[in-house]
Engineer: 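My structure is below; once you've seen it, I'll send some questions.
Quick note: residue numbers are just sequence positions, from 1. All values below come from the heavy atoms of this structure, side chains included, with hydrogens, waters and symmetry mates left out.
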Amino acid sequence: MQGWLAHLANGSDAVFRRVTIAKVAGTSKQGELLVAPSKLLQVFGQPTAESWDSESLGAFYFQGPNDEVFTVYYRAYDVPNTQRLKKEFWARSAAAAFSIGAKEEANVAEFKGWLLRQLA
């Protein structure tokens, strides 16, 4: 597994790091990312369980410069949240549309660019 504590992207890009706990209050969907769930697992390890959200199949939390919080998540709307579904989903090699959550003022474009470089 590639390190998820911190990645320094090419050039003078900001540093983002994966965190297991994040203050997500005030964040909302600010973008999308097409990526295979299995690729996210390969690069960043197991997703964080969001037991408070019955439709969540797991999420990845990141912290950026200035303590900005970013989330990459997938919701299985109207589907019972089962362990089997989670296991099958994260094993998929076909791309899925993940949501990127952040506060409106966060630099989502910079985060998404960094994330895509890590997944390349």
Engineer: Just to verify, what does S99 make a side-chain hydrogen bond (donor to acceptor under 3.5 Å, both in side chains) with, not counting sequence neighbours?
Structural biologist: none
Engineer: Could you please spell out the steps behind the side-chain contact (heavy atoms from CB on, under 4.5 Å) verdict for R75 and E50?
Structural biologist: CA-CA 11 Å; R75 299 284 184 266; E50 296 182 303; 3.1 Å; yes
Engineer: Under 6.0 Å between ring centres, would you say that holds for F70 and F111?
Structural biologist: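 Yes.
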Engineer: F16 and ring pair (Phe, Tyr, Trp, His ring centres under 6.0 Å): which partner among W114, F62, F60?
Structural biologist: W114
Engineer: Taking K112 for its side chain and E32 for its backbone only, find out whether a donor-acceptor pair lies under 3.5 Å.
Structural biologist: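 At least one qualifying donor-acceptor pair exists.
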Engineer: Under a 4.5 Å cut-off applied to non-hydrogen side-chain atoms, are Y74 and P37 in contact?
Structural biologist: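 Of all side-chain heavy-atom pairs linking P37 with Y74, none is under 4.5 Å.
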Engineer: Give the intermediate values and the outcome of side-chain contact (heavy atoms from CB on, under 4.5 Å) for residues V35 and L116.
Structural biologist: CA-CA 9 Å; V35 63; L116 288 170; over 6 Å; no
Engineer: Among the clusters formed by ILVMFWY side chains lying less than 4.5 Å apart, do F89 and Y73 turn up in the same one?
Structural biologist: no
Engineer: Would L41 end up clustered with F98 when hydrophobic side chains under 4.5 Å apart are linked, directly or stepwise?
Structural biologist: yes
Engineer: Step by step, work out the side-chain contact (heavy atoms from CB on, under 4.5 Å) result for K23 and D67.
Structural biologist: CA-CA 10 Å; K23 294 180 181 179; D67 295 325; over 6 Å; no
Engineer: How far apart are the closest heavy atoms of A22 and V69, and which atoms are they?
Structural biologist: CB-CG1, 3.8 Å
Engineer: Taking the side chain as everything from C-beta on, heavy atoms only, tell me whether F44 gets closer than 4.5 Å to V72.
Structural biologist: no
